[in-house]
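Encoded as structure tokens, the structure appears first; notes follow it.
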Amino acid sequence: VNIGVLISGSGTNLQAIIDEIDRGRIKGRIKLVLSNRKDAYGLERARKAGIEALYIDKRAFNSEEEYNRKLIDELTKKEVELVVLAGYLKILSEEFIERYRGRIINIHPSLIPSFCGKGCYGDKVHQMVLDSGVKITGATVHFVDEGTDTGPIVLQRAVEVKDDDTVESLKERVLKVEHELLPEAIRLFCENRLIIEGKKVRIKWE
Ligand code: GRF
């Protein structure tokens, strides 16, 4: 399966996918990495792994739609079949979602539907978790639909919140789980074992 990865930051989730592919555990290959941030270290990680990595400057486009059309062009050129959002912090256009419906997955650092939605990403997620006093948080991989963090859930894994946790300590613990969950979801997708049934995903484990 040809994979395209969209990033905005350090790319540790991207690195986890690269490493898992290198271990021969994913029947897919990353054909392209796209970033909306020039300084995203993930671009460097891709280049080090010999993967084409492009910074797409949104200032070169007059609208979100045109920006997304550029993303679609680049992904189409590489015949991408699965789009992975790995720390990508921009909203995708309707056209993009339509074009890749059922083939876009995202990793979110909480147990959706808790602590997600517009404006709830990155460190803010962990701050809200700490402020809420919950004892369990986690990570979620889900298919992307028109909403924000609302598509069919593929995998989730719980992470304990400790009394003395800070955003940093909690983020680190959740990130470790993300780095296992996202490659696992991609592996299942590449083995054609994810069946979307309405709002739910059934996994063929056999
Ligand atoms: C992480 O918090 C992840 O949960 C979210 O984006 C953040 C950055 O991840 N999706 P990365 O290190 O850039 O992969």
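Quick note: residue numbers are just sequence positions, from 1. Counting starts at 1 for both ligands and their atoms, in listed order.
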Item checked: Under 4.0 Å from ligand 1 - residues by heavy atom, chain and number -> G9, S10, G11, T12, N13, G87, I107, P109, L175, E178

Checklist line | The single option from R47, K78, K31 passing salt bridge (Lys or Arg N to Asp or Glu O under 4.0 Å) against E52 | finding: K78

Checklist line | salt_bridge(K77, E74) N-O dist < 4.0 Å | finding: yes

Notebook entry, point to check: Less than 4.0 Å between a side-chain N and a carboxylate O, is that true for K27 and E191?
Noted result: yes

Check: What pairs meet the salt bridge (Lys or Arg N to Asp or Glu O under 4.0 Å) rule with one or both residues in residues 110-130, with sequence neighbours excluded?
Finding: D123-K171

Next item on the list: Could I get the full list of side chain to side chain donor-acceptor pair (under 3.5 Å) partners for Q127, not counting sequence neighbours?
Entry: D131

Side chains of residues 133-140: which donor-acceptor partners sit under 3.5 Å, not counting sequence neighbours?
| from | atom 1 | to | atom 2 | distance (Å) |
| --- | --- | --- | --- | --- |
| T140 | OG1 | S110 | O | 2.6 |
| T140 | OG1 | I112 | N | 3.1 |
| T140 | OG1 | Q156 | NE2 | 2.8 |

